[in-house]
Trainee: 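I am attaching a structure below and will ask some questions about it afterwards.
Every heavy atom of this structure was used, including side-chain atoms; hydrogens, water molecules and symmetry mates were not.
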Amino acid sequence: MQHAPLLIDIAGTALTDDDRRRLAHPLVGGMILFARNWAGRAQLTRLTAEIKRLRPDLLICVDHEGGRVQRFRTDGFTHLPPMRALGELWMQDAMRAQDAASACGYVLGAELRACGLDFSFTPVLDLDWGPSGVIGDRAFHADPRVVAMLAKSLAHGLLRAGVAHCGKHFPGHGWVAADSHTDLPRDTRPLKAILQDDAAPYGWLRSTLAAVMPAHVVYPRVDARPAGFSARWLQAILRGRLGFAGAIVTDDLSMEAARHIQGRTVTPAEAVLAALDAGCDLALLCNQSLGQGEVIDDTLGALAQAQLGGRWLPSEAGEARRRALLPRGPAPDWDTLVREPAYLHALALVP
């Protein structure tokens, strides 16, 4: 079984010949959609259908959390609240908050599936410590127990809708103020403190989470490498100590924090190989189809060369974990979905 670890993007609202060539490459396992790929539900549904005709096994992903991180906002898509709203509801009525979180997950997942998507990079498991502007109201709460319970409820709704999900950003991005899109954050706390607080939800949710995304953050008292490039974090701690057995998916490897490993500037291809070496199953490379897409082509070439030269060995287990994220069956179309009692009931419970 060929391991297809790369997740790439496309530039526009329809596939070009270059998109089709890249998506057909055996080392591409999926793709991520952005707001620039959206012109309406009908267009999105046509696009995802064409992608599945090209490669039925391709994983179609989106970063769709609710709040300010929601790629599709018009033409019938529900405006979902930021996850902090669910944490605030918890402080009033914990049981109602869990039900609302399940409803949010179901609505989020059902609307994506009705348009042909398979996977969303949610929920955020980072704790709301306060200083992180990039996390902010994307976090449920400051208490890891509340985060775990609300995330589990959200994941239940997503899975009910047939959409796989991803807890992020392991072991935690909420403590640091720096934004890993533009800087390389450093969290100087000891391992014990991180495991006790920020990483605790990952252990509690190890039988729930379909995938985990590591943070582009350096925790120097644990490893000099960012967590997404650290075998200690991913294999010894996440898999070994916390017992997580699902897929590990990198954060965007074109982000500034992913371009520096132990003081050395790396190319996107080097970053992909370093992440796979550390224990990631899927490597996400965003916003590189714009223009001529040379970075995607160069990375695919470098990965193929590394495979031929024995520098990188494809993983059957990694491919099995990728395929486990694909939906199990067909989804109702939009017109059918919006008449379903389960969807209407969930919609009424969204805060």
Trainee: Ring centres of His64 and Phe72 under 6.0 Å apart?
Mentor: yes

Trainee: Have a look at Leu285 and tell me which of Val295, Thr250, Leu7 forms a side-chain contact (heavy atoms from CB on, under 4.5 Å) with it.
Mentor: Val295

Trainee: With no hydrogens and no angle check, just 3.5 Å: does a side-chain donor-acceptor pair link Thr78 and Glu111?
Mentor: yes

Trainee: Salt bridge check: are Arg189 and Asp198 linked by an N-O gap of less than 4.0 Å?
Mentor: yes

Trainee: Can you see which heavy atom on His25 is nearest to which on Leu300, and at what distance?
Mentor: ND1-CD2, 3.9 Å

Trainee: Throw together a table of side-chain donor-acceptor distances under 3.5 angstrom for residues 85-94, partners on residues two or more places apart or in other chains.
Mentor:
from: Asp93; atom 1: OD1; to: Met95; atom 2: N; distance (Å): 3.3
from: Asp93; atom 1: OD1; to: Arg96; atom 2: N; distance (Å): 3.1

Trainee: Cut-off 3.5 Å, side chains only: do Trp175 and Asp197 have a donor facing an acceptor?
Mentor: no

Trainee: Tyr106 ring centre to Arg160 NZ or CZ under 6.0 Å, with the angle to the axis within 45°?
Mentor: yes

Trainee: For Ala224 versus Val218, what's the shortest heavy-atom pair and its separation?
Mentor: O-CG1, 3.7 Å

Trainee: What ring pair (Phe, Tyr, Trp, His ring centres under 6.0 Å) pairs are there with at least one residue in residues 297-333, not counting sequence neighbours?
Mentor: His3-Trp312

Trainee: Are the side chains of Leu284 and Ile8 in contact, using a 4.5 Å heavy-atom criterion?
Mentor: no

Trainee: Measuring only between side-chain heavy atoms, which start at C-beta, is Thr16 closer than 4.5 Å to Ile10?
Mentor: no

Trainee: At their closest point, which heavy atom of Ser153 faces which heavy atom of Ser102, and how far apart are they?
Mentor: O-OG, 3.0 Å

Trainee: Throw together a table of side-chain donor-acceptor distances under 3.5 angstrom for residues 324-335, partners on residues two or more places apart or in other chains.
Mentor:
from: Arg328; atom 1: NH1; to: Ala324; atom 2: O; distance (Å): 3.2
from: Arg328; atom 1: NH1; to: Leu326; atom 2: O; distance (Å): 2.9
from: Asp333; atom 1: OD1; to: Asp335; atom 2: N; distance (Å): 3.4
from: Asp333; atom 1: OD1; to: Thr336; atom 2: N; distance (Å): 2.8
from: Asp333; atom 1: OD1; to: Thr336; atom 2: OG1; distance (Å): 2.8

Trainee: My understanding is that a hydrophobic cluster links ILVMFWY residues whose side chain heavy atoms are under 4.5 Å apart, including indirect links. Using that, what else belongs to the cluster containing Leu313?
Mentor: none

Trainee: Is the shortest side-chain heavy-atom distance between Arg145 and Trp204 below 4.5 Å?
Mentor: yes

Trainee: My understanding is that only residues two or more places apart in sequence, or in another chain, count here; which of them pass side-chain contact (heavy atoms from CB on, under 4.5 Å) with Pro26?
Mentor: Gln2

Trainee: Does Asp126 use its side chain to pair, donor to acceptor, with the backbone of Ala139 at less than 3.5 Å?
Mentor: no

Trainee: Do Asp9 and Met31 come within less than 4.5 Å of each other through their side chains, counting heavy atoms only?
Mentor: no

Trainee: Give me each pair satisfying side chain to side chain donor-acceptor pair (under 3.5 Å) with a member in residues 233-244, each pair once, sequence neighbours excluded.
Mentor: Arg239-Asp281

